[in-house]
Structure formats: C-alpha cells, structure tokens
Amino acid sequence: MSVDSPAVPAVPLLRGHFAIVASRYNPEFADGLVAATERELRQLVQSPVLTLRRVPGAFEIPLLVREALLDEKVDAVIALGVILRGATAHADQIGQAVTHSLARLMLDHGKPVIHEVLLLDDEAQARQRCLGGEMNRGTEAARTAVATLQSLRETRER
C-alpha cells in the first residue's frame with residue numbers, strides 16, 4: 001500500500017463540475033469516501049458544482065459513470081466504492097470488471113474518470129482508507145480529479 005498521497009494542486013481551479021458516482025454497499029465506508037471527496041473538492045475549486053449519484057453496488061458504478069460522461073457540463077467523474085474480499089473470487093471479478101469499464105469509459109469519452117472503487121481484504125483496511133484522515137482515498141480522489149482536469153485543460157488549450 002502506498003502511503004504517498006497526491007499533492008494538493010498548487011493553483012485552485014476557478015470552476016469545475018464534478019459528478020460523483022458512489023456505491024451504497026458497505027455504506028459506512030462509501031459514505032466516508034463521499035464526504036472526504038466533497039470536502040476536498042470544496043477546498044480545491046472556487047465554485048464547484050457537485051452532483052452525487054448513488055448505485056446499489058460497485059458493479060453498477062460504470063453505468064452511472066457513463067451517464068455522467070454524456071452530460072456536456074460534467075468536467076470529471078469520480079467513482080467511489082468499497083469491495084471487501086470474501087471466501088470466493090467474486091470480489092476480484094467485480095473489481096476487475098469495474099476497473100476495465102472505468103478505463104474504457106475515460107478513454108472513450110475523453111474526460112477524467114477517477115477510480116477509487118477500492119478492493120480491500122477486510123474492514124480494518126476499509127477504515128484506514130475510507131474513514132481515516134491521514135490517507136483517505138476520497139481526499140486523494142478529489143486531488144487527482146483536479147490535477148488531471150488542470151492538465152487536460154492545459155493540454156487542450158495549446
């Protein structure tokens with residue numbers, strides 16, 4: 001596990017519309033990711049527009065990400081969820097399917113899709129990554145979204 005966190009972007013964004021798509025499954029942890037993401041986006045963007053969409057589980061996240069990407073006003077999408085491994089390979093299969101789908105959607109639509117659908121071994125890992133202040137992946141997702149959007153805008157303005 002990396003302990004390095006994305007740096008806080010040096011220059012705040014003036015504007016940005018972010019869609020957050022989050023699973024309802026494992027609600028304590030998913031809600032912790034959402035709260036940290038929203039809090040950090042409000043710190044990093046002067047006038048953020050935040051749209052939250054909830055889905056039952058991680059497998060459904062890519063469908064709502066796709067819908068968010070179709071909205072011309074949305075600048076970036078942040079996908080949040082927690083998958084806890086069990087006794088079967090099901091969690092790994094869901095994790096792989098979500099990862100491949102999110103990557104394909106980002107490339108197909110040319111907008112940032114930040115992947116923080118976490119595949120974790122147990123609740124202790126989930127607490128550390130979703131509820132902890134030191135390395136909350138929701139905070140990291142917001143920083144990554146802003147930094148990626150800044151880079152993309154700079155690239156497209158040239």
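What's counted below: heavy atoms across the whole structure, side chains too, no hydrogens, waters or symmetry copies.
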Atom [atom1] of [X] and atom [atom2] of [Y]: how far apart are they, to the nearest 0.5 Å?
X	Y	atom1	atom2	value
R53	E67	CZ	CD	10.0 Å
E123	R127	CD	CZ	5.5 Å
T139	L44	OG1	CG	9.0 Å
I61	L102	CD1	CG	7.5 Å
S101	R66	OG	CZ	11.5 Å
L119	Q93	CG	CD	11.5 Å

Within-4.5 Å side-chain heavy-atom neighbours: [X] and [Y]:
X	Y	result
L63	V55	no
L105	L69	yes
E116	L33	no
M106	K111	no
P112	V77	no
E40	R143	yes

When hydrophobic residues are tied together by side-chain contacts of less than 4.5 Å, even through go-betweens, does [X] share a cluster with [Y]?
X	Y	answer
I83	V65	yes
Y25	F59	no
L50	V74	no
L64	L80	no

Closest non-hydrogen atom pair, A141 against T37:
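Reported closest heavy-atom pair: CB-OG1, 4.3 Å.
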Check A58 against V98 and note the closest heavy-atom contact, atom names and distance.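 Nearest heavy atoms, A58 then V98: O-CG2, 3.3 Å.
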Does any N or O in the side chain of [X] come within less than 3.5 Å of the main-chain N or O of [Y], such that one atom is a donor and the other an acceptor?
X	Y	result
H115	V117	yes
S23	G81	no
N136	A36	no
K73	H17	no
E60	G57	yes
D75	F18	no
R156	L152	no

Step-by-step side chain to side chain contact (heavy atoms under 4.5 Å, CB included) determination, M135 to Q128
CA-CA 7 Å; M135 67 177 233; Q128 185 180 32; 4.1 Å; yes
*Quick one: side-chain contact (heavy atoms from CB on, under 4.5 Å) partners of A126, sequence neighbours excluded?*
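Applying side-chain contact (heavy atoms from CB on, under 4.5 Å) to A126 gives F29, V82, L84, L120.
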- Message: Checking Q125 against D122 for the side chain to side chain contact (heavy atoms under 4.5 Å, CB included) test, could you report, in this order, the C-alpha distance in whole Å, the side-chain angles of both residues, the deciding distance, and whether it holds?
- Response: CA-CA 6 Å; Q125 286 182 349; D122 53 42; 3.5 Å; yes
key: Derivation of the side chain to side chain contact (heavy atoms under 4.5 Å, CB included) call for I78 and V21   = CA-CA 6 Å; I78 299 171; V21 179; over 6 Å; no
Side chain to side chain contact (heavy atoms under 4.5 Å, CB included) for E38 and L52? Distances and angles first, verdict last.
CA-CA 9 Å; E38 290 177 337; L52 175 62; 4.1 Å; yes
message: Whether E140 and R137 form a salt bridge (side-chain N of Lys/Arg under 4.0 Å from carboxylate O of Asp/Glu) is what I want to check.
response: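 Here R137 pairs with E140 in a salt bridge, since their nearest N and O are under 4.0 Å apart.
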Salt bridge (charged side-chain N to carboxylate O under 4.0 Å, His left out) assessment of D31 paired with R54 = CA-CA 10 Å; D31 292 349; R54 299 303 288 253; 2.8 Å; yes
